[in-house]
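The block underneath contains the structure these notes are about, expressed in structure tokens.
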Amino acid sequence: MALSPGQKVGDYEVIQTLGVGGLGAVYKAQHRISRRFEALKVALSGRMENTELTERFEREIQVLAGLNHPNIAGLHHAFYHGDELIMVMELVEGEDLRVRSRRAPIELPTLLRFASQVLAALDYAHAAGVVHRDIKPANIMVTPEGRIKVLDFGIATTSLSTHLTATGAMIGSISYMSPEQIQGSRATAQSDLYSLGITLYELIAGQLPFTGESSFDLMNAHLQQAPRSFAELRPQIPAALSLAIQKALAKQPRDRFRSAQEFMLALEGSEAATAAVSPVIVSAMPAAATQGSTSRNAGRISSSTEPLPEALEQVRRHLAQFIGPIAKVVVRRLAPTCGDLEQLYREAAKEIATDSDRQKFLRLRTGAR
């Protein structure tokens with residue numbers, strides 16, 4: 001079903017089309033009572049006649065209904081308009097990572113902060129048994145404030161997904177697809193980490209690690225070829241970062257990072273090396289000359305494996321009550337950008353999913369004085 005600006009759909013008025021994909025379209029709409037702007041996702045006309053696509057649309061709704069994380073675009077609710085199923089989602093203002101990288105160069109420390117947020121979202125989703133299966137620049141939104149929102153769980157699987165995409169089927173974006181997905185095996189958390197590794201490689205090197213004149217050639221490259229090294233393409237990239245991405249791109253899942261949190265820790269460690277060299281600009285377009293500027297990561301904690309200073313350890317303990325072990329990584333990432341503990345608590349609170357838990361966390365600060 002195609003919608004038009006001004007059209008009334010349930011309690012919503014359509015404002016504009018935000019995007020159209022192979023299976024559906026997304027619209028900006030305003031609730032006619034609350035006046036809140038939201039995003040409506042609707043299947044394209046005729047596509048919902050396909051039983052599997054109907055199940056996929058319903059699956060996306062059910063997956064998102066069980067996820068609540070500040071780095072994942074949230075589901076508000078869903079409803080039928082006639083025979084059409086419509087998803088009502090959080091409206092994410094900004095631009096996807098592909099558009100963002102082409103509009104203006106991205107400094108490496110900024111890209112690593114974006115990657116840490118993606119990994120925080122994946123760590124949460126994987127803990128809930130959800131594998132995204134289509135991580136790529138177009139599915140990673142950057143808000144004007146620099147917050148990442150992971151989009152499009154339309155082909156995600158869960159630990160309970162036994163009937164959709166059986167073994168032997170292949171679905172996703174081939175340029176970012178893991179070898180096991182190409183071979184028709186079940187995707188795992190390591191599959192998402194591989195796709196993020198492809199994304200980071202592309203944004204840093206200015207080109208994809210694997211290409212081919214045909215889909216077959218591209219798939220074979222994922223299975224057989226080694227990517228060109230950053231030492232050859234971008235020699236100014238710190239070795240620690242190069243090794244982290246190389247590990248994420250291992251052909252066998254067992255040779256990659258064991259978890260999103262482990263990948264994040266490796267990136268956190270590479271940021272210390274990044275701060276010690278001249279700032280590096282990365283882009284999805286061909287690599288441009290490096291421009292000098294002051295890195296926001298200068299003076300950060302030197303190693304992700306070192307114990308946190310006492311004051312920061314206190315913040316970590318409080319934050320871990322709400323987001324678990326990944327709190328240590330979050331505190332390390334935020335600390336260099338905050339002037340004092342008050343600001344650190346405020347910024348850390350943004351990593352907590354619900355407002356009630358955010359308030360509980362902030363109240364812990366009072367007892368920390």
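- Using a cut-off of 4.0 Å between Lys/Arg side-chain N and Asp/Glu carboxylate O, E180 and R256 are scored as salt-bridged.
- In this structure, K41 pairs ionically with E60, as a charged nitrogen and a carboxylate oxygen lie closer than 4.0 Å.
- Side-chain contact between L249 and P227 is present, with at least one heavy-atom pair separated by less than 4.5 Å.
- Atom CZ of R258 has 12 or fewer heavy atoms from other residues, nucleotides or ligands within 6.0 Å.
- Ring centroid separation for the pair Y201 and F230 comes in under the 6.0 Å cut-off.
- For the 3.5 Å distance criterion, the side chains of R35 and Q30 qualify, holding a donor opposite an acceptor.
- Using bins of under 30°, 30° to 60° and over 60° for the plane-to-plane angle, the ring pair H132/F153 lands in the perpendicular bin.
- The 12-atom threshold is not exceeded at CD of E213, counting heavy atoms of other residues, nucleotides or ligands nearer than 6.0 Å.
- Smallest separation of non-hydrogen atoms from L362 and Y345: CD2-O, 3.7 Å.
- With F322 as the aromatic partner, K360 does not meet the cation-pi criteria of under 6.0 angstrom to the ring centre and within 45 degrees of the ring axis.
- With no hydrogens or angles considered, a side-chain donor-acceptor pair links Q181 and S178 at under 3.5 Å.
- At a cut-off of 3.5 Å, with distance as the only test, a side-chain donor of E145 or T143 sits close to an acceptor on the other residue.
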